[in-house]
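Structure, as structure tokens:
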There are 2 protein chains.
Amino acid sequence: MKVEEAGRSGCPINLTLEVLGDRWSLILIRDIMFGNRRHFRELLSLSDEGIASNILADRLKRLMERGLLTRRDDPTHKQKAIYSLAEPAIQLVPLLAHMAAWGRRHMPVTEELSIRAELLEDGGPPMWEAFMDELRHLHLDAPKPARSVFQELRQAYEAVLAKKAVAAGAAR
Amino acid sequence: MKVEEAGRSGCPINLTLEVLGDRWSLILIRDIMFGNRRHFRELLSLSDEGIASNILADRLKRLMERGLLTRRDDPTHKQKAIYSLAEPAIQLVPLLAHMAAWGRRHMPVTEELSIRAELLEDGGPPMWEAFMDELRHLHLDAPKPARSVFQELRQAYEAVLAKKAVAAGAAR
DNA sequence: GCTTACTGATTGCGATTAGCAACCAGAGTG
DNA sequence: CACTCTGGTTGCTAATCGCAATCAGTAAGC
């Protein structure tokens with residue numbers, strides 16, 4: 001039982017790490033943000049990294065307590081919940097873009113999983129802002145913006161998959 | 001004994017998290033980077049967050065294995081080691097700047113510990129680049145750049161401390 | 001109305017990790 | 001010689017991780 005949780009220090013980097021400094025929180029936010037996974041089962045079974053259900057439940061709870069996620073009932077199913085990004089989580093877009101850019105440069109990433117990172121890096125802050133506006137539409141009740149970064153990312157991802165399929169076919 | 005460590009997925013965000021996704025690695029890099037702490041004891045006893053010596057030893061080893069830090073002997077003391085940032089770690093500057101900016105906006109930070117974050121945020125990419133050049137001088141063998149972001153940050157930090165001391169004196 | 005599948009979780013349990021405290025040997029200092 | 005400082009290591013306990021099994025409530029098919 002946690003008695004208090006005042007944090008180890010008032011340093012902004014430390015405090016950010018106390019919220020996001022584990023191996024799953026940002027993975028979850030990534031999946032909700034870029035994969036638009038809004039239900040428990042989607043996050044559980046579509047997870048590339050294979051999160052366990054108890055860890056998922058725990059992280060969702062923690063992220064809600066810290067104000068990064070919100071949860072509401074799904075009207076189509078009385079037991080279904082919809083998880084949404086709160087504004088602080090939406091503002092992680094630049095951070096995630098930088099993280100992805102760093103990983104792409106220094107880690108053995110796969111092409112299809114890093115094409116979106118490349119796009120986001122090239123797009124820079126204007127693209128991030130557009131994406132954040134779109135997320136505010138999808139997760140908060142903001143109006144729908146003209147540009148859909150979400151669609152741009154998806155199309156680029158599918159183009160790579162298609163290209164790889166062609167290459168695999170030619171090699172046969 | 002770890003048999004293999006191929007990673008959970010080839011996603012750049014995931015791979016970055018596998019290296020930096022814990023509560024101490026980035027704290028260490030922050031202290032080496034912004035505090036210029038280069039020895040084990042400095043990192044151990046000047047740590048605001050109070051890292052334990054075994055955790056420190058483990059993280060230093062891990063970060064060296066992953067290519068983020070290097071270690072060399074200190075010529076002034078045969079038992080002393082000097083830890084330096086490698087290029088991949090230096091390239092974390094923008095990431096840390098964004099992390100600090102996010103923390104400053106969404107977490108209960110203290111003024112004196114966030115003034116440097118504010119400066120780095122306002123300075124933007126040009127300041128980050130200048131800082132990275134300076135780090136390459138301090139940690140690799142690059143030439144000394146004209147601008148010293150390090151000094152700018154330190155002066156701002158000390159100015160806040162001085163201001164707080166005056167305020168405390170006036171309140172007495 | 002009965003079965004079957006799916007919903008967001010919870011529980012049990014072994015393995016790993018975190019973190020505190022004590023300790024260590026080698027090196028320099030007075 | 002005694003003392004301090006160096007980068008660590010060891011032992012121990014508590015917390016956390018992560019897999020598998022399980023759960024009760026809901027909806028849909030028949």
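Chain letters run A, B, ... following the sequence lines, proteins first, then strands; residues in each count from 1. Predicted model, so just to flag it, every value in this text is computed and none were measured.
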> With a cut-off of 6.0 Å (strictly less than), are more than 12 heavy atoms of other residues, nucleotides or ligands near NZ of B:K164?
Replying inline: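 Yes, the 6.0 Å shell around NZ holds more than 12 heavy atoms from other groups.
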Nearest to the side chain of [X], heavy atoms from C-beta on, is which of [options]?
| X | options | value |
| --- | --- | --- |
| B:Q79 | D:dG25, C:dA27, D:dG18 | C:dA27 |
| A:N54 | C:dG8, D:dA20, D:dG7 | D:dA20 |
| A:H77 | D:dA27, D:dT6, C:dG28 | D:dA27 |

> If we only count heavy atoms from C-beta on, is the A:L63 to A:S25 side-chain gap below 4.5 Å?
Replying inline: yes
>> Need to verify one output field. Residue with the more 5' nearest nucleotide on DNA chain D, B:L60 or A:I55?
In response: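 The residue closer to the strand's 5' end, by nearest nucleotide, is B:L60.
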> Taking the nucleotide of DNA chain D with the closest heavy atom to each, which residue, A:D22 or A:R41, is nearer the 5' end?
Replying inline: A:D22
> Stepwise, does the salt bridge (charged side-chain N to carboxylate O under 4.0 Å, His left out) test hold for B:E152 with B:R147?
Replying inline: CA-CA 9 Å; B:E152 296 173 33; B:R147 178 177 182 184; 2.8 Å; yes
Take the protein atom [atom1] of [X] and the nucleotide atom [atom2] of [N], then report the distance between them rounded to whole Å.
| X | N | atom1 | atom2 | value |
| --- | --- | --- | --- | --- |
| B:R37 | D:dT6 | CZ | P | 14 Å |
| B:R23 | D:dA15 | CZ | P | 14 Å |
| A:F40 | C:dA5 | CZ | P | 20 Å |
| B:L44 | C:dG19 | CG | P | 13 Å |
| A:E49 | D:dC19 | CD | P | 12 Å |
| B:E42 | D:dC5 | CD | P | 14 Å |
| A:K80 | D:dA28 | NZ | P | 10 Å |

> Quick one: is B:W24 getting a side-chain N or O under 4.0 Å of the C:dT17 phosphate, OP1 or OP2?
Replying inline: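 No, outside the criterion.
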> Which sits closer to the 5' end of DNA chain C, B:S53 or B:R59, going by the nucleotide each is nearest to?
Replying inline: B:R59
>> Do the side chains of A:E158 and A:R154 get close enough for a salt bridge, i.e. N-O under 4.0 angstrom?
In response: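 Yes, charged N to carboxylate O under 4.0 Å.
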> Does B:R8 make a cation-pi contact with A:W24 (under 6.0 Å, within 45 degrees of the axis)?
Replying inline: yes
>> Within the 4.0 Å heavy-atom criterion, would you say A:A52 contacts the bases, only the backbone, or no part of the nucleic acid?
In response: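 Result for A:A52 = base.
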